[in-house]
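If you're wondering where the values come from, they're calculated on a predicted model, not measured in any experiment. First the proteins, then the strands, lettered A, B, ... as listed; each starts at 1.
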Number of protein chains: 2
Amino acid sequence: MTGNPLPFSLRQLQYVRAIAETRNFRQAAERCAVAQPSLSAQLAALEAALGVRFFERDRRGVILTPAGEALLQRVNRVLTEASELREEAKHFRDPLAGPFRLGVIPTMAPYLLPKAVPALREAFPKLVPQWVEDRTATLVAQLQQGRLDGALLALEAELQDLETTTLGRDHFLLAVPKGHAFAKGRKPIRIHALEGERMLLMDDGHCLRHQALAACREVGMEELEFRATSLPTLVQMVASGIGVSLLPEMALAMEAGRASLVLRRLADPVPYRTVVLAWRRGSHAAVALKKIAKLLRNMRHFVQ
Amino acid sequence: MTGNPLPFSLRQLQYVRAIAETRNFRQAAERCAVAQPSLSAQLAALEAALGVRFFERDRRGVILTPAGEALLQRVNRVLTEASELREEAKHFRDPLAGPFRLGVIPTMAPYLLPKAVPALREAFPKLVPQWVEDRTATLVAQLQQGRLDGALLALEAELQDLETTTLGRDHFLLAVPKGHAFAKGRKPIRIHALEGERMLLMDDGHCLRHQALAACREVGMEELEFRATSLPTLVQMVASGIGVSLLPEMALAMEAGRASLVLRRLADPVPYRTVVLAWRRGSHAAVALKKIAKLLRNMRHFVQ
DNA sequence: GCATTTGATAGAGATTAACTATCATGACCG
DNA sequence: CGGTCATGATAGTTAATCTCTATCAAATGC
């Protein structure tokens, strides 16, 4: 059991090292920036606590006892470890340095991260982001357990015990296969025009599913059996003519290139999801996350 | 440079470890045998000193920050090293334990050590004697430099700054080759009878040389050119008929067996050398050395 | 709701470590 | 020899630190 109180202090060990190196109490005291009697007293206290004499104080000078010689190595190891602790702590002083566990939902990750990761690296080179991709509920739970420092979410409502900062609105576009009735024209399409369409949605648990449903809640549509587990898959399904879907704008750049897919703007009120950066209330990472949020906002992936 | 003052204490690190393990300030405080506010205060002080937050204190419980997680390993290493220092110190608490650097002069070593080493091991099993064989002057210098803890010497005079305890008197015998005039008879021989003999002596620097010369100082004798560098060699020279010599009694058991050597007792006043155990005045080892001396005296290698 | 538990805070008290001044001893040097 | 310098130890006081009890605000749990 190593949990007993330690009968000595780091300062005493520093004194021992200083004495061993200078072989002179006064010089050692000067190096430690204390008066010589203080050093004498602390050494005496340490020797009493350990029951071991480190030095013989003789007119001839200061001599290490065999025990002192052996223990000096331990003393140095303790001090080295302590010193490294202090140095390593320095690296964590900067809130924008060190490991940073960030979550992101799957319907944003493939569109946001390719640009966000390099941007973060450039802006905060000492930051070491560790990305975790999972659904909202899982990320929120991990945030609250302290297993994540922050998460990129698309919020419907305020989340209890989480602070958030809005990064912007991500408008929904209508995705239809080439040849579909809506594939032609340029005017914004009204949601109600989708009445009777076959709708492709994300799998349960993906917030995008609920948001899309909410956007169309007053529109009678048929939901297809198939539920996508990833947005690229969903887009692929639309492109192959199975149905239509709502696609967030941030996916535009990456998904619009498909030959058999047509994306149409929606008319006011344009449905959207609110992209936020969330963290535990009172999290140590709050300062850093606010700066990260600012950076992400400036990337203009979405309307602000 | 690692010599800067360390801005934290071992106790604070123990608090951190206790909190990290219990995830509960009160339990941690109890384990550390302090009141909870003390622990809170010390943790706050540590975090302030390092500029790093170890824990998030949340209604949900105590959560390690990433920095805390990383630094906790350092904390544990410091505490482990400190703990091992304390444990190792225990082994040195017993004055009769641990390494013990002992000197012995060459004219005693081969006769004393074969019996003394096992006896020491049996009496003080935790003692780890490290024997050094050298001449008196060298041993005394090493004692004074703190490179030896004690030394077995044959003293002529008090040695400055050294404390000694007498182990006994080692009487001198006359060694002559078989066939020599003194080889016959059993009566003690008077020193003066050696007038005109060819005397074999140890090399310069060996105290035995000076002691033998002192014993014969009023007797006119011829010193042979050859000076022995070891006592067994000297005995061998005598046995081969080159001359006579004075041999300390402690060599009797080992050297008397030679067929061509005869040992005769000397008449009163029998010359002798005083065998002592010596150490630095104020040496940490004094207590142990006195016990070692007692053991050696009881071995009755010599007259007490 | 109400009792319980969480960690933080305030202020007093006790402990610890620091300081200055001085001492005893031995080394060094003329 | 005798004075000067250096050593580390000691005494007594002051300053800093740590810990204590008592209490608070907030959240949990039945």
Short side-chain N/O contact to [N] OP1/OP2 from [X], under 4.0 Å:
X     : N      : answer
B/Y15 : D/dC18 : no
A/R57 : D/dT7  : no
B/S40 : C/dA8  : yes

Name the closest nucleotide to the [X] side chain, picking from [options].
X     : options               : answer
A/A35 : D/dC20, C/dA8, C/dC19 : C/dC19
A/V62 : C/dA8, D/dG8, D/dA11  : D/dG8
B/S38 : D/dC20, D/dT7, C/dT9  : D/dC20
B/F25 : D/dC20, C/dG7, D/dG8  : C/dG7

Open item on the list: Given B/Q42, which partner from the list B/E47, B/Q14, B/R11, B/Q12 fulfils the side chain to side chain donor-acceptor pair (under 3.5 Å) test?
Closed with: B/Q12
Length of the line joining [X]:[atom1] and [N]:[atom2], which is rounded to integer Å:
X     : N      : atom1 : atom2 : result
A/Q27 : D/dT7  : CD    : C1'   : 11 Å
B/Q42 : D/dA16 : CD    : C1'   : 13 Å
A/Q36 : C/dT22 : CD    : P     : 15 Å
A/L39 : C/dT16 : CG    : P     : 19 Å
B/R11 : D/dT17 : CZ    : P     : 14 Å
B/N24 : C/dT6  : CG    : P     : 5 Å
A/L43 : D/dT7  : CG    : P     : 16 Å
A/F55 : D/dT7  : CZ    : P     : 16 Å

Step through the shown structure and confirm whether more than 12 heavy atoms of other residues, nucleotides or ligands are within 6.0 Å of [atom1] on [X].
X      : atom1 : result
A/Q73  : CD    : no
B/R147 : CZ    : no
B/Y272 : OH    : no

Open item on the list: Let me spell it out: for each of B/A45 and B/R26, pick the nucleotide of DNA chain D with the closest heavy atom. Which residue's pick is nearer the 5' end?
Closed with: B/A45
Open item on the list: Under a 4.0 Å threshold between the charged nitrogen and the carboxylate oxygen, would A/E84 count as salt-bridged to B/R77?
Closed with: no
